[in-house]
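Below is one structure, written out as structure tokens; the observations come after it.
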Amino acid sequence: MTRLVLDRVSFWYPATERAALGEVSLAVAPGQVVALVGNVGAGASTLLLVASGLAPRVTGGRLEGKVDFPGSALLLPTPWTQVSGMAFTVWDEVAFGPANLGWPIERIRRAVDAALETLEITPLGPRDPATLSGGELQRVILAGLIAMETSLLLLDEPTAELDPAGAALVWRVTRALAGEGKSVVVATSDLDAVPALADRVVWLEQGTVRRAGVPADVLADDAVWERGPGGPAVAGVWRAAGLAAPHPLSVAAARERLR
């Protein structure tokens, strides 16, 4: 059973003639992490808005094609725009989503405590969300999505506000959620993380799918370096040195190739 299906989806924002997405098809299965990569303006954020049902319902515009999803939670790259404004503590902010689902209080407590622990932010529980840094707030918003126990997570640059240690934690959590059977679609410019993170990579270019497949295939494609976002830094160094393809996507793989 797929968790998300986009079938020949095209989308136009209001008062625009050029489609932001053009006949995009995508299917995401339970337990799968799909990474969306591309240059700025490629359409990854728009795809997530469409997949979440916010486009065109909230954004306006015109949608063609079929979008099928059982319910999802979307993380935007600007966490301060997702704060409820109804909570005076981090704990209550994370509880806001589950409470709106009408859960019993004991289930809410368990879900919130578990989500705070997962993101390693339990000590922030009593804090006012307005006092948090961007990175702290990004973890809080993600904890709120996890606490709702949705089967499909849509993440738009979820590590944009985080330091390297925080980013590594989020990627570990993402893989762990997939291991629990959840589906994740993540738009990211952190190409070093993609090989270990994603089961599949979708390279978007001007609103269309240029290539999709396993990371080793998509990120080793010469075209993704020549006109796309590139790939992991180690692969870039390998290419620059004129070493033979295929380009390794991790330091460990490069070390093994050089032996």
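What you see below is based on every heavy atom in this structure, not just the backbone, and it leaves out hydrogens, waters and symmetry mates. Just so it is clear, the model here is predicted, and its values are computed rather than measured.
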- Below 4.5 Å, heavy atoms only, C-beta onward: do Leu47 and Leu26 meet side chain to side chain? yes
- Message: Side-chain heavy atoms nearer than 4.5 Å, only ILVMFWY residues, links allowed to pass through others: does that put Val34 and Val24 together?
- Response: yes
- Arg175 side chain near Val33 side chain, heavy-atom distance below 4.5 Å: yes
- Going through the checks in order, is the side-chain contact (heavy atoms from CB on, under 4.5 Å) test met by Val9 and Leu63? CA-CA 7 Å; Val9 167; Leu63 178 70; 3.6 Å; yes
- Stepwise side-chain contact (heavy atoms from CB on, under 4.5 Å) check, Leu142 with Leu155: CA-CA 9 Å; Leu142 180 54; Leu155 309 178; 4.0 Å; yes
- Query: Heavy-atom distance under 4.5 Å between the side chains of Thr46 and Thr59, does that happen here?
  - Reply: no
- Task: Apply the test side chain to side chain donor-acceptor pair (under 3.5 Å) to residues Glu23 and Thr208: give CA-CA distance (whole Å), side-chain angles for both, the deciding distance (0.1 Å), then the verdict.
- Result: CA-CA 7 Å; Glu23 297 202 345; Thr208 63; over 6 Å; no
- Within the side chain of Glu161, is there an N or O that forms a donor-acceptor pair under 3.5 Å with the backbone of Leu137? no
- Verdict with supporting geometry, Arg211 and Asp217, side-chain contact (heavy atoms from CB on, under 4.5 Å): CA-CA 9 Å; Arg211 184 165 183 181; Asp217 289 342; 3.7 Å; yes
- Message: Whether the Trp203 and Asp221 side chains hold a donor-acceptor pair (N or O, under 3.5 Å, no angle test) is what I'd like checked.
- Response: no
- Query: Distance only, no hydrogens: is a donor on one side chain within 3.5 Å (strictly under) of an acceptor on the other, for Ser189 and Glu157?
  - Reply: yes
- Task: Would you sort out whether Arg109 and Glu106 count as a salt bridge (charged side-chain N to carboxylate O under 4.0 Å, His left out), showing the intermediate values?
- Result: CA-CA 5 Å; Arg109 287 197 181 103; Glu106 286 306 317; 2.5 Å; yes
- What are the two closest heavy atoms between Gly125 and Thr89, and how far apart are they? O-CB, 3.5 Å
- Query: Is a donor on one side and an acceptor on the other found under 3.5 Å between the side chain of Trp238 and the backbone of Ala244?
  - Reply: yes
- Atom pair CZ/CG of Arg172 and Leu197 - distance to nearest 0.5 Å: 12.5 Å
- Query: Just how far is it from atom CH2 of Trp103 to atom CD1 of Ile108, taken to the nearest 0.5 Å?
  - Reply: 8.0 Å
- Got a second to check how far Ser151's OG is from Glu180's CD, nearest 0.5 Å? 12.5 Å
- Do the non-hydrogen side-chain atoms of Val94 and Val140 ever get within less than 4.5 Å of each other? yes
- Task: Assess whether side-chain contact (heavy atoms from CB on, under 4.5 Å) is satisfied between Val185 and Val202, documenting all intermediate values.
- Result: CA-CA 10 Å; Val185 183; Val202 176; over 6 Å; no
- Does the Asn39 side chain pair with the main chain of Ala42, one donor and one acceptor, at a distance under 3.5 Å? no
- Closest non-hydrogen atom pair, Pro248 against Val234: O-CG1, 3.6 Å
- Hey, is the main chain of Glu136 close enough, under 3.5 Å, to the side chain of Ser133 for a donor-acceptor pair? yes
- Query: What pair of heavy atoms forms the shortest contact from Pro79 to Pro77, and how long is it?
  - Reply: CD-O, 3.4 Å
- Message: By the salt bridge (Lys or Arg N to Asp or Glu O under 4.0 Å) test, which pairs, at least two apart or in different chains, include something from residues 226-253?
- Response: Glu205-Arg227, Asp222-Arg239
- Task: Working to the nearest 0.5 Å, report the span between CD of Gln82 and CG of Leu145.
- Result: 6.5 Å
- Task: Please report the shortest heavy-atom distance between Ser52 and Leu74, naming the atom on each side.
- Result: OG-CD2, 3.8 Å
- Message: Looking at Ser183 and Gln32, would you say the former's side chain and the latter's main chain have a donor-acceptor pair under 3.5 Å?
- Response: no
- Message: Any heavy-atom pair between the side chains of Val209 and Ser25 that's under 4.5 Å?
- Response: no
- Can you name the residues that form a ring pair (Phe, Tyr, Trp, His ring centres under 6.0 Å) with Tyr13, not counting sequence neighbours? Phe11
- Query: Taking atom OG1 of Thr78 and atom CD of Gln138, what is their separation to the nearest 0.5 Å?
  - Reply: 9.0 Å
- Between Arg257 (side chain) and Pro246 (backbone), is there a donor-acceptor pair under 3.5 Å? yes
- Message: Is there a continuous path of hydrophobic side-chain contacts, each under 4.5 Å between heavy atoms, that joins Val83 to Leu132?
- Response: yes
- Message: Measuring only between side-chain heavy atoms, which start at C-beta, is Pro195 closer than 4.5 Å to Leu219?
- Response: yes
- Message: Around atom CZ of Arg8, are there more than 12 heavy atoms from other residues, nucleotides or ligands closer than 6.0 Å?
- Response: no
- Under a single-linkage definition using a 4.5 Å side-chain heavy-atom cutoff for Ile, Leu, Val, Met, Phe, Trp and Tyr, are Phe69 and Val5 assigned to the same hydrophobic cluster? no
- What are the two closest heavy atoms between Leu162 and Ala167, and how far apart are they? CB-N, 3.8 Å
- Do Trp171 and Val173 belong together in a cluster built from hydrophobic side chains that touch within less than 4.5 Å? yes
- Query: Are Arg139 and Leu169 side-chain neighbours, meaning at least one heavy-atom pair lies under 4.5 Å?
  - Reply: yes
- Item | Heavy-atom closest contact (Val194 atom, Ala35 atom, distance) | CG1-CB, 4.2 Å
- Query: Just how far is it from atom CG of Leu153 to atom NZ of Lys182, taken to the nearest 0.5 Å?
  - Reply: 7.0 Å
- Query: Under 4.5 Å between any side-chain heavy atoms of Ile141 and Trp80, yes or no?
  - Reply: no
- Message: Grouping I, L, V, M, F, W and Y whenever their side-chain heavy atoms are under 4.5 Å apart, do Leu54 and Leu6 come out in a common cluster?
- Response: yes
- Do other residues, nucleotides or ligands put more than 12 heavy atoms under 6.0 Å from the CD atom of Glu117? no
